[in-house]
There are 2 protein chains.
Amino acid sequence: MSASAGTKKRILDVAERLFGERGYAATSLRAVTVAAGANVAAVNYHFGSKEGLLRAVVDRAMGPVNEARQRLLDGFLADGGKPEVADLVEGFVRTGADLTRPREGGAAAVARFLGRVMCEPDPEIRRLFADEVGAVEGRYLEELTRALPALSAAEVAFRYRVMIGLLALHQAGALADLAPRGVSDGSSPEGPDEETERLVATVLAVFRAP
Amino acid sequence: MSASAGTKKRILDVAERLFGERGYAATSLRAVTVAAGANVAAVNYHFGSKEGLLRAVVDRAMGPVNEARQRLLDGFLADGGKPEVADLVEGFVRTGADLTRPREGGAAAVARFLGRVMCEPDPEIRRLFADEVGAVEGRYLEELTRALPALSAAEVAFRYRVMIGLLALHQAGALADLAPRGVSDGSSPEGPDEETERLVATVLAVFRAP
DNA sequence: GCCCGTTTCAAGCGGTCGTTTTAGATTGGG
DNA sequence: CCCAATCTAAAACGACCGCTTGAAACGGGC
């Protein structure tokens, strides 16, 4: 067994946070290891390379989300019937958006990280992430297409991508930052829960449009 | 006068393309200058620093869009009446989305660049961009709030951010890339025009939801 | 023709990047 | 107790980063 399995976990935690805050390219291994109280060599020992570290962080972060979505979808299909659009959308969005809430263990760093990775420019990173979530997302797209026979497959696919994109922006905290400057918003700070509710309602409206 | 004003323009063109393709942090000045057939020192001579170059590219790219949006909004307001939601949304989205079409002069690099900058993690870059578009965007948000009295200001602001975010993803080409892998999409490749139409319709649906 | 401001270039600055090497701790099993 | 396996640390590798320097090319005005 690992003498101090703490190092590996600490590196993963810090990398998740820093990758989410600054992006992958702008985060150096040294920044990660210093913040984690570890050595640069530990990264290459445990993960092989910087990209290996990213892959490990993605794996750990998406694992529970993928499982939750699988279980939810299996539940919808278990009754033998066709799942409804509202169930599919709410299930999919909420399993992702719930990560933005200050979690039991730690913070909303997971969400920020996942949202950020989804928007990374490097196509290799995009592919890495797509491989991780592809299977589950494909099932949801299929079911949504079945549940929306009035819409063409291309139209459903487009709205599906809108859902994924909005969820990513929400997770990354980018939606909250996109407000224009000069407007003195008298609105209250808007907790993450209110924003999640608005997001679910919005995505539902997108799918229900004629 | 500049002996060969070509160098400055060539650097701007290449930077716009590379920043849009790889992101700001992952693009080195050397990559830009080599592709532009220029020297690294030329960047610091013309723009002062890497961030100065970014600022110049943002300025050049957003200038026409800001002007077009100003003119459009002025036209809506000139009749003395309140502009309608459909006009505001279509005007705003189309002025941004039209950049994705292969332009008269060159390519859709401008759009990709703008969409990418809007999603950059670095808060300083976000601020830089927000300063550039803030004034015009603020006016659209105000008019949208006036045109949607049934919705709370916070609700309009949220849907407004959804519009900005979706437009950014569309410009960056991220919407087209977010499709799940394993699904053999029988759909045709979907040109940018079809996607723009879908985007306009979707954003309109978002604002018209109760 | 010469001059001076503008523009470009090759070279190099200190620093940081991702990665590797080598050696020293630490640990559980025989 | 010792050994082998596991893990971490310090130092260094070559490469590349953004930026600066000093000098060469260029151009129009006198």
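Sequence lines set the chain letters: A, B, ... in the order given, protein chains first and strands last, and positions in each chain run from 1.
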Per the under-4.0 Å heavy-atom filter, residues of residues 19-26 of chain B near DNA chain D come out as none

The complete set of salt bridge (charged side-chain N to carboxylate O under 4.0 Å, His left out) pairs with one or both residues in residues 31-46 of chain A, sequence neighbours excluded, reads none

Sequence neighbours excluded, the answer for salt bridge (charged side-chain N to carboxylate O under 4.0 Å, His left out) partners of A/E90 is A/R94

A/K8 NZ to C/dT26 C1', in whole Å, measures 18 Å

Residue set satisfying ring-ring contact (aromatic ring centres under 6.0 Å, His included) with B/Y140, at least two apart, ordered chain then number -> B/F92

Heavy-atom contacts, protein to nucleotides 10-17 of chain D, under 4.0 Å, summarised as B (base), S (sugar-phosphate only) or - (none) per nt, yield B-B----B

Sequence neighbours excluded, the answer for salt bridge (charged side-chain N to carboxylate O under 4.0 Å, His left out) partners of A/R146 is A/E143

Pair up each side-chain donor or acceptor in residues 22-29 of chain A with any protein partner under 3.5 Å, not counting sequence neighbours, and list the distances.
residue : atom : partner : partner atom : Å
A/Y24   : OH   : A/E51   : N            : 3.2
A/T27   : OG1  : A/L18   : O            : 3.4
A/T27   : OG1  : A/G23   : O            : 2.6
A/S28   : OG   : A/A31   : N            : 3.1

Within residues 54-61 of chain B, those residues having any heavy atom closer than 4.0 Å to DNA chain C are none

Sorted by chain and residue number, the salt bridge (charged side-chain N to carboxylate O under 4.0 Å, His left out) partners of A/D13 (sequence neighbours excluded) come out as A/K9, A/R60

Salt bridge (Lys or Arg N to Asp or Glu O under 4.0 Å) between A/R198 and A/D193: does it pass, once the steps are laid out?
-> CA-CA 9 Å; A/R198 294 196 201 278; A/D193 289 345; over 6 Å; no

Taking pairs as Watson-Crick (N1-N3 plus N6-O4 or O6-N4) or G-U wobble (N1-O2 and O6-N3), each distance under 3.5 Å, the stems of three or more consecutive pairs with DNA chain C are C:3-28 with D:3-28

Sorted by chain and residue number, the side-chain hydrogen bond (donor to acceptor under 3.5 Å, both in side chains) partners of B/R116 (sequence neighbours excluded) come out as none

To the nearest angstrom, the CD1-P distance between B/I11 and C/dT8 comes to 7 Å

A/F47 atom CZ is separated from D/dC7 atom C1', nearest whole Å, by 13 Å

Counting just side-chain N and O atoms, does A/S49 come under 4.0 Å of either OP1 or OP2 of C/dG18? no

Whole-Å distance, A/Y45 OH to C/dT26 P, equals 16 Å

Side-chain N or O of A/H46 closer than 4.0 Å to phosphate OP1/OP2 of D/dT8 = yes

B/N44 CG to C/dT8 P, in whole Å, measures 13 Å

Contacts of A/E21 meeting salt bridge (charged side-chain N to carboxylate O under 4.0 Å, His left out) (sequence neighbours excluded), chain-then-number -> A/R17

